[in-house]
Peer 1: 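First the structure, which I've put down as structure tokens, then a few questions once you've had a look.
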Amino acid sequence: MQLPSRRAALLGAAGAGIAAALPATRAYGTGGGGGAPAGTPPVLLTEQASRRILVLDPGRRVWDPAADPSVVRWEFSPVGDPRYRDLLPDVSWVYPCEAKVRVHRRRTYVLTTASFGFVAVVEHPTGRRYWGTAIGPGDDLFNPHSAEILPDGNVAVACSTGARVRLYAASQGPRATRYAEAELKGAHALHWDAARGVLWALGDDELVTYEVGGTAARPALERTYGIGLPVGTPGKTPGGHDLFPVCGRPGRLWVTTNAAVFQYEKKGRVFVQDFAGAAEISRKSVKAVGDDPRTGQVVTTVPEAGLGETWWTTTVSVHRPESSYKLVNGGIYKARWWLPV
């Protein structure tokens, strides 16, 4: 996403005073109806208009938290929360751009980043801080865009503007600052591959892997593989954006670029579009993609014209079968199924 100036973003996002009035976490009951297939998981959103992470009821096709708070299963904002005060969330928690749910040592966490520097691993549902940092807080010179937790408890962060992948020694405590790093142009997304024991990372032009070395206290990163992304428009960068496991096919990864959506077949080392629903799922500027292995549904987000920022949407698209969710007055960036793994 193309960010405005720091001052403009802060005035627009913080000036409204919405986030400051919110508690760090809040849990609600479940909803119902809406015609979603049985077993549809909740939907996890980065909601930039109100600077929140939301988990929403999959049984409601229209979400209007202001009119009906029961659609919200859980929410998070670090603003005003003393557990995150040192991360300067008033200026670093601008444009939350990643949310993914992970299980680490039998605890559930939401990994989140924001474009103006905030990175944290947040325990669900308590909101307690496992680890966090602020990378260049108050500006987008680094633009942390995604994060991943590794088996040893350390946390990797992809910084798109900063063109680097960092691996923090988060296992050493909630305020650990030591890190290893590797350069990656346009670093946008990360995924830990437990089967192969490597960290996948997606940049502007390529999909790469890193081997993690050193110790938990002093980690190291070594690049071990890279493959160029499919070119959408000759002469232009492919613009890698989202990287996520294909839950229904463990040997594959979802990969989105500026032009299309692919699956990367790890064994054959090839990008393919032979997946069910490809004609509807693959389109330009998909910011997030993921499948639910139980129902087969795929969720995506694509920018919508006429909103506060050019990368926002109020619509979460669902495929197989085709349907959608709508967030009233929303500014959604990414949406994911709530699938703790």
Side-chain angles (χ1 to χ4, degrees), residues 34-46 55-59 61 73 98-104 108-111 124 146-151 188-202 207 209 225 227 229-230 240-257 259-283 285-302 315-325 332 334-341:
T40 299
V43 183
L44 173 64
L45 300 181
T46 56
V55 178
L56 295 166
D57 186 348
R61 289 300 180 184
R73 299 265 184 102
E98 177 66 288
K100 59 173 70 168
V101 58
R102 294 288 185 262
V103 175
H104 176 66
T108 301
Y109 296 98
V110 173
L111 281 64
H124 177 274
S146 186
E148 183 64 288
I149 190 166
L150 276 58
H188 257 73
L190 298 165
H191 172 64
W192 174 255
D193 189 330
R196 296 181 176 228
V198 297
L199 179 68
W200 292 89
L202 186 68
L207 176 65
T209 62
Y225 172 72
I227 184 172
L229 299 178
H241 200 281
D242 198 27
L243 173 69
F244 215 69
V246 179
C247 296
R249 302 184 73 172
R252 293 190 175 197
L253 299 169
W254 289 106
V255 174
T256 76
T257 69
V261 177
F262 302 90
Q263 288 184 357
Y264 178 71
E265 208 284 312
K266 290 183 278 188
K267 185 176 181 180
R269 297 187 173 188
V270 63
F271 293 94
V272 299
Q273 290 184 308
D274 62 355
F275 48 91
E280 292 75 33
I281 295 167
S282 181
R283 55 230 202 270
S285 302
V286 172
K287 302 302 184 183
V289 61
D291 63 302
D292 170 30
R294 180 174 178 179
T295 65
Q297 296 173 99
V298 176
V299 68
T300 60
T301 53
V302 173
T315 302
V316 176
S317 299
V318 181
H319 315 274
R320 306 187 61 221
E322 294 294 307
S323 60
S324 65
Y325 294 102
I332 301 167
K334 288 180 180 175
R336 305 201 185 280
W337 296 122
W338 180 264
L339 296 171
V341 294

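Small disclaimer: the values here were computed from a predicted structure and weren't measured.
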Peer 1: Evaluate the side-chain proximity of T301 to V286: yes if any heavy-atom separation is below 4.5 Å, no if none is.
Peer 2: no
Peer 1: Side chains of W192 and W200: does their closest heavy-atom pair fall under 4.5 Å?
Peer 2: no
Peer 1: With sequence neighbours left out, write down each residue that passes salt bridge (Lys or Arg N to Asp or Glu O under 4.0 Å) with D242, or none if nothing qualifies.
Peer 2: R336
Peer 1: Under the side-chain hydrogen bond (donor to acceptor under 3.5 Å, both in side chains) test, which residues partner T256, sequence neighbours left out?
Peer 2: none
Peer 1: Tell me every residue that passes side-chain hydrogen bond (donor to acceptor under 3.5 Å, both in side chains) with H104, counting only those two or more places apart in sequence or in another chain.
Peer 2: none
Peer 1: Could you pull out all residues at least two apart from F244 that satisfy ring-ring contact (aromatic ring centres under 6.0 Å, His included)?
Peer 2: none
Peer 1: Just so I know, are the side chains of P245 and H191 near enough to count as touching, which here means a heavy-atom distance under 4.5 Å?
Peer 2: yes
Peer 1: Which residues pass the side chain to side chain contact (heavy atoms under 4.5 Å, CB included) test with P42, sequence neighbours left out?
Peer 2: V55, P58, R73, W338
Peer 1: Does any part of the side chain of V270, heavy atoms only, come nearer than 4.5 Å to the side chain of Y264, both counted from C-beta?
Peer 2: no
Peer 1: Do the side chain of T46 and the main chain of K334 share a donor and acceptor less than 3.5 angstrom apart?
Peer 2: yes
Peer 1: Is it true that the side chains of H319 and T300 contain a donor and an acceptor less than 3.5 Å apart?
Peer 2: yes
Peer 1: Can you list the residues that meet the ring-ring contact (aromatic ring centres under 6.0 Å, His included) rule with W337, with sequence neighbours excluded?
Peer 2: none
Peer 1: Compare all side-chain heavy atoms of V289 with those of I281 and state whether any distance is below 4.5 angstrom.
Peer 2: yes
Peer 1: What residues form a side chain to side chain contact (heavy atoms under 4.5 Å, CB included) with P293, not counting sequence neighbours?
Peer 2: C247, L339
Peer 1: Are any non-hydrogen side-chain atoms of T315 and S324 less than 4.5 angstrom apart?
Peer 2: yes
Peer 1: Is any side-chain heavy atom of L229 less than 4.5 Å from a side-chain heavy atom of L207?
Peer 2: yes
Peer 1: Tell me every residue that passes side chain to side chain contact (heavy atoms under 4.5 Å, CB included) with P230, counting only those two or more places apart in sequence or in another chain.
Peer 2: F262, F271
Peer 1: With sequence neighbours left out, write down each residue that passes ring-ring contact (aromatic ring centres under 6.0 Å, His included) with Y109, or none if nothing qualifies.
Peer 2: Y130
Peer 1: R102: what forms a salt bridge (Lys or Arg N to Asp or Glu O under 4.0 Å) with it, not counting sequence neighbours?
Peer 2: E148
Peer 1: Could you list the residues that satisfy side-chain hydrogen bond (donor to acceptor under 3.5 Å, both in side chains) with S317, not counting sequence neighbours?
Peer 2: R283
Peer 1: Under the side chain to side chain contact (heavy atoms under 4.5 Å, CB included) rule, collect the residues that match up with V246, sequence neighbours excluded.
Peer 2: R249, R252, W254, Q263, D291
Peer 1: Do we see a donor-acceptor contact under 3.5 Å between the side chains of Q297 and T40?
Peer 2: yes
